[in-house]
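Residue numbers begin at 1 in each chain, while the letters A, B, ... track the order of the sequences.
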Amino acid sequence: MASDRSQKEPQHHSTLEEIRSTRLEKVEQLKKLGLNPYAYKWEITHHAAELQEKYAALADGEEVDIEVSIAGRILARRVFGKLAFFNLQDETGTIQLYLEKKKIDANMTDLSGAFNHLKKLTDAGDLLGAKGTIKRTEKGELSIYVSEYGILTKSLLPLPDKWHGLTDVEKRYRQRYVDLIVNPQVRETFRRRAQITAGIRRYLENRDFLEIETPVLQSEAGGAEARPFITYHNTLEMDLYLRIATELHLKRLVVGGFEKVFELGRIFRNEGVSTKHNPEFTMIEVYQAYGDYQDMMALTEDLIKTVAKEVIGEAKVTYGEEIIDLETSWRQETMHDLVKEKTGLDFNEFKTFEAAKTASVEAGIEIPDDCQSIGKLLNEAFEQKVEETLIQPTFVIDYPIEISPLAKPHRSKPGLVERFELFIVGRETANGFSELTDPIDQRQRLEAQAAAKAAGNLEAHNVDEDFLAALEYGMPPTVGLGIGIDRLIMLLTNSDSIRDVIAFPLLKSQSAAIKSFDYDSGNKILRVEFNNGSIYKYHEVPESVYKGLKETPSVGQYFNDRIRDKFGFDREV
RNA sequence: GGGUCGCUAACUCAAUGGUAGAGUAUCCGGCUUUUAACCGGCAAGUUCUGGGUUCGAAUCCCAGGCGACCCA
């Protein structure tokens, strides 16, 4: 019998494409057997972790005659002649399946050769349902002694290497689903992320804050200094901006009479990508009427402590080499004092900008061109010399007015505002201030921003007249807070890149990878086939461009520069 | 934006400028206590792309793509 097979064409089963086609054949074989390779349902009675916990004390070789049914993904197979062991993973963990020919064939009488089909037609990566009893093997592994199985979904693509797992960082982010399958700690990170955001909402709802959703698409970006994404509404024929903050709309709600509001949502900033920045990220903004920044610092501290305790179990966090103590009362220092402590410079003493600049240069502070006031210089000194040293939670308070256009002037310190920022592990984690409620003062500050925009500052914005109108109706004394949720989650999950806490971080798109192209000179249509199998037809493409593409040394580069996004197209495949 | 490093079989990695290899996975055969199962066998490559130098390039040079890290 073996000799018949050996005379067949040599089989090639190595590349992805070939593995996939082998598995597609298995799909067909399952269908022929009357088994649906893409099943509708499997009744689950238990999960892996639950069973592991419940039967932790079961002795080696012992069995428990309780029928259980579970489902999950096959992570590993160890197959013998008439016996097999599979490791099955569900959302909670893994458990071994003890698969014996005798037992399975005796129970699955409708399917002759049930055990052999299981051996031949399943692969690591398939989703499998199994019913059976509990048994700890003689080697000590808690198992389900399977009487019946169901192939629930046939997987067509192989899982990553079982030794090394998925180590390619890029692939982990680009194909997060694979990362999640093979790296349990990644699932734990996102589980914890969900617990953190749920905990924050619960905390605020318990204190009568109301979450109200505000627009993502805005005709004026505002509420922060950042470059916005611009998009276009076709039927209204207008440019729209994706929000860079929720601030100005939440304040409108406070004007409208809501005393405690918040929104936890996605913010978009058209800026670079780094371990600390993703162009879309999650922020919570909280506004409370009739309070000031001291009230909000108290709330911020209590909120973060409470959530950390709920999620981690204690208000102590290990982050890299550091142990962050969230429990003891958080330090509160003025920006002036901290700068003085680290640099020896007392910014209260400087009478002129020139004097401050000279002293700062001596202290080793680099001064950018647009830094033209004592306040901005103070902030530079803070960012360059202090920020990264603030490891344990620290509220920095009383910021220069120049860098805080929406904050209320300090009640006793001229030139400053009642603002705080929270720093943990050297990173800005939260920002809040007594809100500016004087509409005339606010107009002046926004007009200064608009002037900066007109002068070319891409992070400045036009005056939001409607927001000013709202302030003119009267906003109560109010304090506001913003927390960078991703950075908080990084802290509470001990992650050093923001990409580790965003399920699908933004990545540069991979190269066009053009397979082939041809040109219809009569209709001026350039037809391009990509390596991923898709085919696009570009219209009104001049023959010169086609010739250029034909002659260029780098097709992909030429395509990106001269064709992509330059011509209308439709997609053929 | 700048710098450093990387890109070789599906995966993880080798290969003095001189025949591109190994382990794992896949595929075939065997196997009733494995858990990185084991034993035997087959197959698997546009060395990221495009140029250049050379008798000869995975290796050296140039340009580009993508990524990681650091800096601003």
Side-chain angles (χ1 to χ4, degrees), chain A residues 1-23 25-26 60-61 63 74-89 94-105 115-116 119-120 122-125 135-143 145-146 155-175 178 182 271-277 366-368 380 383-384 388 496-497 499-500 505 507-515 531 549 551-561 564:
Chain A
M1 49 174 190
S3 59
D4 287 350
R5 286 204 186 88
S6 64
Q7 284 169 12
K8 279 173 42 178
E9 290 282 307
Q11 298 277 311
H12 304 268
H13 292 284
S14 182
T15 70
L16 259 188
E17 202 42 52
E18 285 156 350
I19 287 171
R20 188 167 171 275
S21 74
T22 308
R23 296 212 182 172
E25 280 170 30
K26 292 180 181 175
D60 294 357
E63 292 183 32
I74 302 170
L75 281 194
R77 307 164 76 240
R78 293 175 295 282
V79 180
F80 300 79
K82 298 188 178 71
L83 179 69
F85 300 92
F86 288 7
N87 290 353
L88 202 71
Q89 170 176 271
T94 61
I95 192 163
Q96 178 169 270
L97 302 183
Y98 182 99
L99 302 148
E100 197 182 54
K101 180 171 164 60
K102 208 165 69 182
K103 180 161 177 178
I104 287 172
D105 286 351
F115 180 79
N116 282 335
K119 253 172 69 172
K120 291 286 174 196
T122 62
D123 293 282
K135 171 190 173 97
R136 190 177 290 282
T137 64
E138 279 151 35
K139 294 284 161 65
E141 186 73 32
L142 188 72
S143 307
Y145 189 8
V146 176
S155 163
L156 300 182
L157 296 172
L159 292 177
D161 189 280
K162 68 177 172 186
W163 291 8
H164 307 93
L166 186 63
T167 51
D168 183 328
V169 180
E170 183 192 355
K171 211 167 269 181
R172 284 190 47 222
Y173 298 141
R174 282 196 199 278
Q175 295 191 287
V178 179
V182 299
E271 293 170 352
V273 171
S274 78
T275 49
K276 293 188 205 65
H277 299 88
E366 286 176 36
I367 300 170
E380 278 299 325
E383 287 183 359
Q384 290 178 33
E388 63 179 18
D496 34 271
S497 170
R499 292 174 179 181
D500 291 329
L507 300 170
K508 210 164 172 176
S509 64
Q510 282 179 307
S511 61
I514 292 167
K515 194 172 178 185
N531 280 337
L549 186 62
E551 285 156 18
T552 181
S554 172
V555 173
Q557 192 192 348
Y558 189 90
F559 174 80
N560 284 332
D561 292 347
R564 168 178 277 174

Open item on the list: Taking Gly81(A)'s backbone N and O only, do any of them form a donor-acceptor pair with Lys119(A)'s side chain (distance below 3.5 Å, no angle check)?
Closed with: yes

Open item on the list: Distance check, C1' atoms only: C66(B) and U19(B), in whole angstrom units.
Closed with: 32 Å

- [ ] Give the rounded distance in Å between these two atoms: CZ of Phe85(A) and P of C31(B).
- [x] 16 Å

TODO: Might you confirm whether atom CD of Glu383(A) has over 12 heavy atoms from other residues, nucleotides or ligands at distances under 6.0 Å?
DONE: yes

Open item on the list: Lys101(A): which residues meet the salt bridge (charged side-chain N to carboxylate O under 4.0 Å, His left out) condition with it, sequence neighbours left out?
Closed with: Asp105(A)

Open item on the list: Taking the P atom in each of U59(B) and G6(B), what is the distance between them to the nearest angstrom?
Closed with: 13 Å

Open item on the list: Give the residues of residues 77-84 of chain A touching RNA chain B, defined as any heavy atom closer than 4.0 Å, sorted by residue number.
Closed with: Arg78(A), Val79(A), Phe80(A), Gly81(A), Lys82(A), Leu83(A)

Open item on the list: Please enumerate all residues that pass ring pair (Phe, Tyr, Trp, His ring centres under 6.0 Å) together with Phe86(A), with sequence neighbours excluded.
Closed with: none

TODO: Check the distance between U24(B)'s P and Ile19(A)'s CD1 and give it to me in whole angstrom.
DONE: 16 Å

- [ ] Provide the closest heavy-atom pair for Gln384(A) versus Glu366(A) in the form atom of the first, atom of the second, distance.
- [x] NE2-O, 2.7 Å

- [ ] Check the distance between C71(B)'s P and Glu383(A)'s CD and give it to me in whole angstrom.
- [x] 15 Å

Task: Whole-Å gap separating C1' (U32(B)) and CG (Leu99(A)) - done: 12 Å

Open item on the list: Looking at every heavy atom in both Leu75(A) and Ala124(A), which two are closest together, and how far apart are they?
Closed with: O-CB, 3.9 Å

TODO: Can you tell me the distance, in whole Å, between the CZ atom of Arg172(A) and the C1' atom of A68(B)?
DONE: 12 Å

TODO: With C1' as the reference atom in both, quote the distance from C70(B) to C62(B) in angstrom, rounded to an integer.
DONE: 26 Å

Task: U8(B) versus G23(B) - spacing of their C1' atoms, nearest Å - done: 15 Å

Task: Length of the line joining His277(A):NE2 and G1(B):P, which is rounded to integer Å - done: 16 Å

Task: Nearest listed nucleotide, side chain of Asp123(A), among C69(B), C27(B), U35(B) - done: C27(B)

- [ ] Report the residues that fulfil side-chain contact (heavy atoms from CB on, under 4.5 Å) with Ser497(A), sequence neighbours left out, ordered by chain and then residue number.
- [x] Tyr173(A), Thr275(A), Arg499(A), Asp500(A)

Open item on the list: Between C48(B) and G65(B), how far apart are the two C1' atoms, rounded to whole Å?
Closed with: 7 Å

Task: Residue Glu141(A), side-chain atoms from C-beta onward, closest of C27(B), U32(B), U35(B) - done: U35(B)

Task: Contacts of Val178(A) that satisfy side-chain contact (heavy atoms from CB on, under 4.5 Å) - sequence neighbours left out - done: Pro160(A), Leu166(A), Gln175(A)

TODO: Take Thr137(A) and Leu159(A), find for each the nucleotide of RNA chain B with the closest heavy atom, and name the residue whose nucleotide sits nearer the 5' end.
DONE: Leu159(A)

Open item on the list: Nearest to the side chain of Lys26(A), heavy atoms from C-beta on, is which of A68(B), U33(B), C27(B)?
Closed with: C27(B)

Task: Ranges pairing with ranges for RNA chain B, where each run has three or more Watson-Crick or G-U pairs under 3.5 Å - done: B:1-7 with B:65-71, B:10-13 with B:21-24, B:27-30 with B:38-41, B:48-52 with B:60-64

Open item on the list: Just to verify, what does Glu63(A) make a salt bridge (charged side-chain N to carboxylate O under 4.0 Å, His left out) with, not counting sequence neighbours?
Closed with: Lys135(A)

TODO: Return the value, rounded to whole Å, for the distance between atom CG of Asn116(A) and atom C1' of U32(B).
DONE: 13 Å

Task: Partners meeting side-chain contact (heavy atoms from CB on, under 4.5 Å) with Glu100(A) (sequence neighbours left out) - done: Leu83(A), Tyr98(A), Lys102(A), Lys103(A), Tyr145(A)

Open item on the list: What's the gap between U47(B) and A22(B) when it is taken at their C1' atoms, as a whole Å value?
Closed with: 16 Å

Task: Set of residues satisfying salt bridge (charged side-chain N to carboxylate O under 4.0 Å, His left out) with respect to Arg23(A), sequence neighbours excluded - done: Asp123(A)

TODO: Could you please name the option among U35(B), U33(B), A68(B) that lies closest to any side-chain atom of Glu138(A)?
DONE: U33(B)

Open item on the list: For a quick test of reading the model: is some side-chain N or O of Lys120(A) closer than 4.0 Å to OP1 or OP2 of G29(B)?
Closed with: yes

- [ ] Take atom C1' in A20(B) and the same atom in C39(B), then report the distance between them in whole Å.
- [x] 29 Å

Task: Atom C1', compared across U32(B) and C7(B): separation rounded to whole Å - done: 45 Å

Task: Separation of U32(B) P from Tyr145(A) OH (nearest whole Å) - done: 14 Å

